[in-house]
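Written below as structure tokens is the structure these notes are about.
Reckoned from all heavy atoms, side chains included, excluding hydrogens, waters and symmetry mates. Bear in mind the structure is a predicted one, so any value in this text is a computation, not a measurement. Proteins get letters first, then strands, A, B, ... in listed order; numbering begins at 1 in each.
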Amino acid sequence: MKNYKNFSVEEFMQDAYFRQWAFDELSSDDTFWETWIQLNPEKIKIIEEAKSLVIALKVKPLAIFSESEISDGIQDILNETLENNAKANIFRFNWLRIAASLTILIGIGWWFMGKDRSTKVYFDQITSREQKAIHTNNGKKAITFELVDGSKITLEPNSELRYGNEFGDKKREVFLSGEAFFDVKKDSQRPFLIYTGKLVTKVVGTSFRIKAYEQDDNISVSVRTGKVTVYRQDRKIENNSSLSTEIVLIPNQKAVFEKEEELLIKTLVDTPVSLDDSPINTGLAFEETKISEVFNRLEGMYGIKIGFDKDVFSKCTVTAHFNSENLYQKLDIICEIVRAKYEIVDGEIMIFGNGCQ
Amino acid sequence: MTTREKINTTDTDDYLLWQALKRSDKAAYEILLKQYYAVVLSYGVRFYRDKEFVKDCVQDLFIEIWNRREHLGDVVSVKSYLLQSLRKNIIRENSRLKWFRDADQISDDQDFNVEFDIETYLITREVENESLKKLRLELDKLSKRQREAIFLRFTQDLSYEEISFIMGINYRSVVNLIHEAIKAIRKNWFAVLLSGILFIY
């Protein structure tokens, strides 16, 4: 659900759903916008302005290609490139498209297969009395398979996924080296655990990215949606009381595990994304806006807490127009305006400065 | 509500499809082709009215992508990559053809055909007055580049970053092109609205 409350005129103008409404293209039983306006009467001016400008700038479509010309054109290209065997593959790819927003993208290096054998040893221990399932992909193309719990996995070349025979009964644990796409079936009773070297990632149903290449000094887990728990493997799995090494990540937060120091740190992802939206609608305009409101907006947009001293900054206002600047660029500009600095501390942003006159 | 959900997944889908295409996944190529063929065509004809010419350019583009699939880099977005490549090819081809046809009339200034729907909209509502004429005049004054930027932003839903990549101009210029256009129209448009002849709301 987008946070339309914070939308500027231009953001509304770029919102496809809003435009459909402005052009009378929504079905008559879709009363979302009428209801929204009733609930947010203070936004009526912005809505009016956006609606009228959208109408004024609507581009006349050039309908000069017919449906059949388009499908013929596509077929011509397919004949030139894939010849006749393209159709057979299309279903194989379908689940990927459907599950894309839920898909978990995981890339794990070879490191436990190489010099660090701890995970392999660990795997051998816990599964010594069971049958082990091993999926290995030594081919040149990714392979896709489904686990008994319904989770789907696409294993990239030179990758391996292992799990014990009891997978799916009480717990869901897998060991990964290489790279894989995970589409984890949601099941709050049985969290999905992914072991990568000394780092464990726990999932209930969410999307995130793991990078753990052998040549890198660290492993990182970046969260896009939902909640993810990350902890060091030396913590006993069954022992839930020992929470000291556990990190809970929310969207736009990242855990970095320094292999050498065995240090697990919480920070922010490299490029925080707006949570209520695709990257397209990131426009923001401030006109002599109180800094507390500016930070509020950014907090809402990125779901990241911004800490600052309200008394010190009480006299600061900001006038700035943002479009596709990322969060850090926005902060740089705001901080320059109010002569402050920011730091990322424990997955949150802290603002330091002496305030304004 | 489905519209909004769809928009949120497009980027991830495209990213995955693009990666799959680089690994020679035919299905991924076919999906991307079907998804963007018409979009790319309709962008192309705004530069050059000759349908067959544009069709050839689009066909060459998609064939080239398949042939070079293993050498493709990562892209900001698949859509902006396609539009930018087509734009480049059309402009190159067009000036090459012009050279053969009429060597005197080579111009770097590429036409971009965008007309606004507003007239049709107003005519169906049977309104006509002075402020409207002014508004139309204002719309007529918009440059080709402004029209293209507006088209890419509000019809194709692209970000400033993507537009700057497609049009080959810097980010600031894109922002300015669009803001200036909105400013010019806003003034007259609100005069129209204030005159009370039109109730869009």
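Both the backbone and the side chain of L41(B) come within less than 4.5 Å of a heavy atom of chain A. Of the two parts of R46(B), the backbone and the side chain both hold a non-hydrogen atom closer than 4.5 Å to a non-hydrogen atom of chain A. Heavy-atom distances place no part of V54(A) under 4.5 Å from chain B, backbone and side chain included.
Contact annotation: the side chain of L53(A) never approaches that of F154(B) to less than 4.5 Å [non-hydrogen atoms, C-beta and beyond]. The side-chain heavy atoms of W66(B) and E80(A), taken from C-beta on, include no pair separated by under 4.5 Å. Annotation: side chain of Y29(B) is in contact with side chain of I77(A) (closest heavy-atom distance under 4.5 Å). Inter-residue side-chain proximity for L57(A) and I182(B) is flagged as met; some heavy-atom pair is nearer than 4.5 Å.
Here D76(A) contributes atom CG and F62(B) contributes atom CZ; the two are 13.0 Å apart, rounded to the nearest 0.5 Å. Here OG1 of T81(A) is found 13.0 Å from CD of E64(B). Values are rounded to the nearest 0.5 Å. With values rounded to the nearest 0.5 angstrom, Q35(B) atom CD is found 11.0 Å from I74(A) atom CD1.
Within a 6.0 Å sphere centred on NZ of K51(B), heavy atoms belonging to other residues, nucleotides or ligands number more than 12. Shown here is E69(A), whose CD atom has more than 12 heavy atoms of other residues, nucleotides or ligands within 6.0 Å. Counting heavy-atom neighbours within 6.0 Å of E67(A) CD, excluding the residue itself, gives a total of 12 or less.
In plain terms, the two heavy atoms of F65(A) and V45(B) that are nearest each other are CE1-CG1, 3.2 Å. Nearest heavy atoms, G73(A) versus K55(B): CA-CE, 4.3 Å.
Note: E49(A) leads H321(A), K140(A), E49(A) in heavy-atom pairs under 4.5 Å with chain B. Of the residues considered (I63(B), V58(B), T155(B)), I63(B) shows the highest number of contacts with chain A, using heavy-atom pairs under 4.5 Å. Counting heavy-atom pairs closer than 4.5 Å to chain A, the top residue among V114(B), I150(B), L33(B) is L33(B).
Listed for the Q14(A) side chain is a donor-acceptor partner under 3.5 Å among the backbone atoms of R153(B). Under the 3.5 Å distance criterion, the side-chain polar atoms of E161(B) are left unmatched by any main-chain donor or acceptor of E325(A).
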